[in-house]
2 protein chains.
Amino acid sequence: MKKIIPRKTIQRLLLYYRYLLFLLQQGTKNISSTSFADILEISAAQLRKDLSYFGKFGTQGAGYDVLALRDEIAKILGIDKERKVCIVGLGNLGLALLGYKGFASLGFVVTAIFDNSPQKIGRKIKGFACYDIKELIPVVKNNKIEIALLTVPSEAAQEVARRMEDAGIKAILNFTPVKLSLSKKIKINNVDLAAELKTLSYFL
Amino acid sequence: MKKIIPRKTIQRLLLYYRYLLFLLQQGTKNISSTSFADILEISAAQLRKDLSYFGKFGTQGAGYDVLALRDEIAKILGIDKERKVCIVGLGNLGLALLGYKGFASLGFVVTAIFDNSPQKIGRKIKGFACYDIKELIPVVKNNKIEIALLTVPSEAAQEVARRMEDAGIKAILNFTPVKLSLSKKIKINNVDLAAELKTLSYFL
DNA sequence: AGGCGGTTGTGAATTATTTCACTATTATAA
DNA sequence: TTATAATAGTGAAATAATTCACAACCGCCT
Ligand SMILES: NC(=O)c1ccc[n+]([C@@H]2O[C@H](COP(=O)([O-])OP(=O)(O)OC[C@H]3O[C@@H](n4cnc5c(N)ncnc54)[C@H](O)[C@@H]3O)[C@@H](O)[C@H]2O)c1
Ligand SMILES: NC(=O)c1ccc[n+]([C@@H]2O[C@H](COP(=O)([O-])OP(=O)(O)OC[C@H]3O[C@@H](n4cnc5c(N)ncnc54)[C@H](O)[C@@H]3O)[C@@H](O)[C@H]2O)c1
């Protein structure tokens with residue numbers, strides 16, 4: 001069972017989780033890999049293989065218990081465990097993310113928000129007190145924040161990211177189109193919306 | 001030139017393009033695959049292979065002409081060609097995307113915006129007149145809009161997407177965590193921010 | 001209890017993507 | 001002019017991800 005788990009498998013796990021919630025609401029108690037895969041428009045083999053990385057959750061001849069599978073996936077993904085995040089850069093995108101309720105149900109707790117604009121520092125924004133970016137290091141350290149959402153203008157991205165590193169941030173979700181150069185220890189996930197759109201249009 | 005081009009190759013092409021712009025600004029006229037790949041933190045073979053799907057752009061012994069390569073990639077990606085997009089759902093995320101300047105330089109022109117809230121319909125938002133979602137079909141058809149950014153609440157996503165299909169939209173960038181069921185003809189790209197964040201934290 | 005239809009879990013096969021490693025070509029130094 | 005070093009392009013090999021296909025099993029029916 002000791003295997004390396006594809007990143008894409010983890011991504012799909014959340015997809016499974018969401019649909020299990022939905023099935024539960026509908027009162028579905030049990031589902032087979034084939035019908036679940038049909039709903040998700042993936043192959044049944046992929047669904048089963050994904051789950052097989054973590055154990056055996058189904059019953060041959062009968063399928064999966066929806067409730068039990070939901071709980072197993074929640075456990076795998078650590079949905080119950082809280083992760084502290086901060087948002088750095090409260091412009092268009094930062095504010096949108098701050099306003100998003102969907103993160104909380106996955107265990108992400110916005111613990112601090114930062115900007116460098118005097119118009120924002122010290123003010124309450126959507127219920128959160130905005131810190132000066134200069135306070136990033138102490139605030140992150142004191143609150144043991146692990147994850148940062150980076151939504152500053154591209155020009156500032158590298159410098160702010162470096163500061164995050166110094167503050168002990170473990171992972172960055174980077175929304176800027178900048179390739180961040182940091183220590184290999186820090187996990188970086190790039191969300192490149194422009195690339196998504198361009199890729200989509202290329203294949204039109 | 002090979003037949004099928006990996007989706008990831010296209011995604012990287014935009015990365016290359018951005019760094020070529022940057023190199024140009026710096027006055028770099030010429031670059032080898034190895035040094036360019038070093039900057040991008042990918043392998044030189046991958047860079048060369050990606051380009052090889054489209055032709056021969058370099059000079060053996062000398063490397064690539066930065067300006068020429070930029071132009072070639074711009075041509076491949078159709079950066080000069082305009083694509084009309086609309087944004088549907090002007091909440092947190094829709095407004096952020098509307099305020100983003102980065103799309104324009106890649107050839108995307110926001111041509112219409114839609115919502116269903118009386119507070120938004122008819123009003124000017126960031127310089128754009130907001131249409132009633134009920135007018136989606138005629139407005140999209142009349143303006144020949146090809147691409148839609150879907151940022152409505154999850155509950156409304158499927159129904160609005162269906163309407164986009166009827167309107168003749170060719171591609172949807174879907175920001176909702178809903179798996180859209182539409183005809184296979186319509187291209188869908190899902191941007192699942194919650195999944196990105198969860199994946200990142202899983203691998204912490 | 002035994003047989004049957006249905007379904008999982010998984011090694012093997014397949015397909016997709018990345019990297020290797022070598023050839024051909026070019027720039028340039030002597 | 002020729003030799004040498006650098007470097008693109010690419011088929012082949014290696015890796016990674018997905019799909020296939022089937023043995024093993026479960027629940028139910030008689
Ligand atoms: N808005 C979008 O839809 C969108 C889409 C794709 C990518 N992006 C990228 O996301 C990033 C942010 O975009 P945006 O539209 O929200 O920009 P924005 O200009 O609206 O917001 C940036 C915010 O960061 C703050 N800031 C600037 N320098 C800072 C610093 N050194 N430290 C802390 N805060 C700082 C600014 O005060 C501002 O509030 C950009 O890199 C952009 O390319 C945005
Ligand atoms: N905000 C984020 O950071 C974020 C992050 C990840 C995913 N998402 C997803 O993006 C979607 C939008 O999120 P949001 O935070 O912007 O929501 P929001 O509630 O702020 O905005 C939704 C907008 O859509 C409009 N709307 C509702 N029904 C409509 C309909 N039938 N037709 C047209 N417009 C309609 C509303 O009037 C509102 O303006 C959601 O599915 C959410 O899960 C948002």
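Within every chain, numbering begins at 1; the chains are lettered A, B, ... in the order of the sequence lines, protein sequences first and strands thereafter.
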Note to self: I want to verify a distance call: between D/dG27, C/dG9, C/dT18, whose nearest atom is closest to the A/A62 side chain?
What the structure shows: D/dG27

Item checked: Nucleotide C/dT8, atom C1' - distance to CD of A/E72 in whole Å -> 15 Å

Note to self: Is the ring pair B/F54/A/Y202 parallel, tilted or perpendicular, if the boundaries are 30 and 60 degrees?
What the structure shows: perpendicular

Item checked: Donor-acceptor contact below 3.5 Å, side chain B/N92 vs main chain B/A96 -> no

Item checked: Spacing between B/F57 atom CZ and D/dG9 atom P, to the nearest angstrom -> 8 Å

Item checked: Note: B/D166-B/K141 ion pair, threshold 4.0 Å (strictly below) -> no

Notebook entry, point to check: Checking B/T59 side chain against B/A62 main chain: does a donor-acceptor pair fall under 3.5 Å?
Noted result: no

Margin query: Of the options D/dT19, D/dA21, C/dT18, whose atoms approach the side-chain atoms of A/K49 most closely?
Written below: D/dT19

Margin query: Side chains of A/D50 and A/T9: any donor to acceptor distance under 3.5 Å?
Written below: yes

Check: Does a nitrogen or oxygen in the side chain of A/Y64 sit under 4.0 Å from OP1 or OP2 of D/dC26?
Finding: no

Note to self: Closest-nucleotide mapping onto DNA chain C: is B/I42 or B/T59 further toward the 5' terminus? I mean the 5' end.
What the structure shows: B/I42

Margin query: What contact category does A/R7 fall into here, base, sugar-phosphate, or nothing, at under 4.0 angstrom with non-hydrogen atoms?
Written below: nothing

Next item on the list: Could you state the atom-to-atom distance from OH of A/Y16 to P of C/dT8 in whole Å?
Entry: 13 Å

Check: Looking at the side chain of B/P6, which of C/dT17, C/dA21, C/dG11 is the nearest nucleotide?
Finding: C/dT17

Check: Closest to the B/R48 side chain: D/dT19, C/dT17, D/dT10?
Finding: D/dT10

Notebook entry, point to check: Once you round it to whole Å, what is the distance between P of D/dA17 and CG of A/L51?
Noted result: 17 Å

Margin query: Counting only side-chain heavy atoms from C-beta out, which of C/dG9, D/dA8, D/dT19 sits nearest to A/K56?
Written below: C/dG9

Note to self: What is the separation between atom CG on B/D65 and atom P on C/dA27, rounded to the nearest whole Å?
What the structure shows: 12 Å

Margin query: Output the rounded distance in Å from CG (A/D50) to P (D/dC20).
Written below: 15 Å

Margin query: Taking only side-chain N and O atoms of A/S33, does any of them lie within less than 4.0 angstrom of OP1 or OP2 on C/dT7?
Written below: no

Notebook entry, point to check: Among D/dA8, C/dT19, D/dT18, which nucleotide sits nearest the side chain of B/S32?
Noted result: D/dA8

Checklist line | base_contact_polar (C/dT8 base, A/Q60 side chain, donor-acceptor, <3.5 Å) | finding: yes

Checklist line | Distance, rounded to the nearest Å, where A/Q46 contributes CD and C/dT14 contributes P | finding: 19 Å

Item checked: Listed nucleotide nearest any side-chain atom of A/Y53, set D/dA8, D/dG27, D/dT18 -> D/dT18

Note to self: With a 6.0 Å cut-off (strictly less than), is the heavy-atom count around NZ of A/K134, excluding the residue itself, greater than 12?
What the structure shows: no

Margin query: Closest approach to the side chain of B/S43, judged atom by atom: which nucleotide of D/dT18, D/dT19, C/dT19 is it?
Written below: C/dT19

Checklist line | Distance in angstrom units between B/L69 CG and D/dA8 C1', rounded | finding: 12 Å

